[in-house]
Amino acid sequence: MDDILIGLAGGLMGMFGLGLSDFLAKKVVDQIGPLRTLLYAQLIGAVFLSLYLLKDSALPEISPVNLIKLVMFGAAFAGGYLAFYRGIEIGKVSMVSPISSSDTIVAAAVSFLFLHEAFSGVKLLALTLVIFGLLAASIDFHGLRLGRRWGGQLSRGVPYALVCMLAFGLFLPFWDHFLEQPGWMVLNIMVRLVMAMILIIFAVGIKKTSIGFKNKGLIPRLTAVGFFEALGAGGVAWGFATSSDTTSIVIAVSSAYSLVTAMLAFFILKERLARNQYWGVAMIVAGLFLIPLV
């Protein structure tokens, strides 16, 4: 397959997979909470990703260093996802998702500071757009004028979205480099299993709570959440691993996943934001699209 087509295919899988997963997760989180949703979504995603091993069964180096890194990545991603799911549980997914997806801009800053990657004028413009977009999307200024503290209901979930943004943004550049070895799909599966183990230990050992749930009618939707998250994350990883020349295309296209989530929330969940928040979401998406282009 042509490199550009690989980049577009990987990016589109990321865009629609992650966008649909975030949207579908909203009702599941409302029913069984963030922890159970994340636990089962990651296990289901690991099962779907395992199907790729029928095509490519290459194994990574199983060393103590790699295992320690997997635990670190698993803990960071578990914390980030828990924060995101808590954000959409108490807030609006059409606002929480774009803010969380700004991890791309944090990742760019980390790559510049620690991995010595270039930071061009276009990336500076993208950074500016995302920062102002975050400010505009986080606060309902109309609500403030009406006397509601920090915009009332519309701004709930923002702190959790920011935690998610930082958790993923700080670790994603190192995760991308970690995947630049044989067996990258096995590593994607293993990190999900590590996340599941951490969540079970946290739920049973620390919170002393059950990880089961009674509403079996949620299983199809929960399966869809896991499938689409695996499709999105796996598609992006496949685009990176298959051709290093199309990384910018993969990132640019997949970064629009929050737009898919926001549109579905607008038309199906009937979520409505203040006018300045729509402008904020638009600036975030524009900035995320620009960041990988140079």
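All heavy atoms count here, side chains included; hydrogens, waters and symmetry mates do not.
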When the side chains of residues 186-197 are checked against the rest of the protein, which donor-acceptor pairs come out under 3.5 Å, sequence neighbours left out?
residue, atom, partner, partner atom, Å
Asn188, ND2, Trp184, O, 3.0
Arg192, NH1, Asn188, O, 3.1
Arg192, NH2, Glu229, OE1, 3.0
Arg192, NH2, Glu229, OE2, 3.1

Could you pull out all donor-acceptor pairs under 3.5 Å where a side-chain atom in residues 38-53 meets a protein atom, sequence neighbours excluded?
residue, atom, partner, partner atom, Å
Tyr40, OH, Ile211, O, 2.7
Ser50, OG, Ala46, O, 2.7

For residues 24-33, which side-chain donor-acceptor pairs fall under 3.5 Å, sequence neighbours excluded?
residue, atom, partner, partner atom, Å
Lys26, NZ, Ile88, O, 2.4
Lys26, NZ, Gly91, O, 3.2

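Take Arg86 and apply the side chain to side chain donor-acceptor pair (under 3.5 Å) test, not counting sequence neighbours, and it matches Glu89. Listed by chain and residue number, Ser258 satisfy the side chain to side chain donor-acceptor pair (under 3.5 Å) test with Ser101 (two or more places apart in sequence, or in another chain). A search for side chain to side chain donor-acceptor pair (under 3.5 Å) contacts involving Thr37 returns nothing, not counting sequence neighbours.
Heavy atoms of other residues, nucleotides or ligands lying less than 6.0 angstrom from NZ of Lys216 number more than 12. The number of heavy-atom neighbours closer than 6.0 Å to CZ of Phe178, taken from other residues, nucleotides and ligands shown, is above 12.
A continuous path of Ile, Leu, Val, Met, Phe, Trp and Tyr side chains, each step under 4.5 Å between heavy atoms, connects Val130 with Val281, placing both in one hydrophobic cluster. With hydrophobic clusters built from ILVMFWY side chains whose heavy atoms lie under 4.5 angstrom apart, Leu218 shares a cluster with Tyr85. Linking ILVMFWY side-chain heavy atoms closer than 4.5 Å, directly or via other members, places Leu18 and Leu20 in two distinct hydrophobic clusters. Tracing side-chain contacts under 4.5 Å through hydrophobic residues (I, L, V, M, F, W, Y), one never reaches Val163 starting from Phe168; they form parts of separate clusters. In the hydrophobic clustering of this structure, Ile198 does not group with Ile201; members are Ile, Leu, Val, Met, Phe, Trp, Tyr whose side-chain heavy atoms approach within less than 4.5 Å, directly or through other members.
Here CD1 of Ile268 is found 10.5 Å from CE of Met263. Values are rounded to the nearest 0.5 Å. For the atom pair NZ (Lys69) and CZ (Phe174), the distance works out to 10.0 Å, reported to the nearest 0.5 Å. With values rounded to the nearest 0.5 angstrom, Ser94 atom OG is found 11.5 Å from Leu259 atom CG. One distance of note links OG of Ser100 with CD1 of Ile284; it measures 9.5 Å at 0.5 Å rounding. In this structure, CZ in Arg36 is found 12.0 Å from CG in Asn215, a value given to the nearest 0.5 Å. A distance of 10.5 Å separates CZ in Arg156 from CE in Met95, rounded to the nearest 0.5 Å.
The side-chain heavy atoms of Ile6 and Trp238, taken from C-beta on, include a pair separated by under 4.5 Å. Residues Val96 and Thr261 form no side-chain contact, since every pair of their non-hydrogen atoms from C-beta on lies 4.5 Å or further apart. In this structure, Ser97 and Tyr257 have side chains that are in contact, with non-hydrogen atoms separated by less than 4.5 Å. At a threshold of 4.5 Å between non-hydrogen side-chain atoms, the residues Val260 and Leu264 count as touching. The side-chain heavy atoms of Phe228 and Asp22, taken from C-beta on, include no pair separated by under 4.5 Å. Looking only at side-chain heavy atoms (C-beta outward), Leu199 and Phe202 stay at 4.5 Å or farther from each other.
Although no hydrogens or angles enter the test, the distance criterion places a donor-acceptor pair under 3.5 Å between the side chain of Glu271 and the main chain of Val93. Lys207 places no side-chain N or O within donor-acceptor distance of the main-chain N or O of Val204, the cut-off being under 3.5 Å.
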For side-chain contact (heavy atoms from CB on, under 4.5 Å), just list the numbers for Leu166 and Leu162, CA-CA rounded to whole Å, side-chain angles, deciding distance to a tenth of an Å, and then say yes or no. CA-CA 6 Å; Leu166 291 173; Leu162 294 174; 5.5 Å; no
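Ring orientation note: the planes of Phe77 and Phe73 are close to parallel, at an angle under 30° on the 30°/60° scale.
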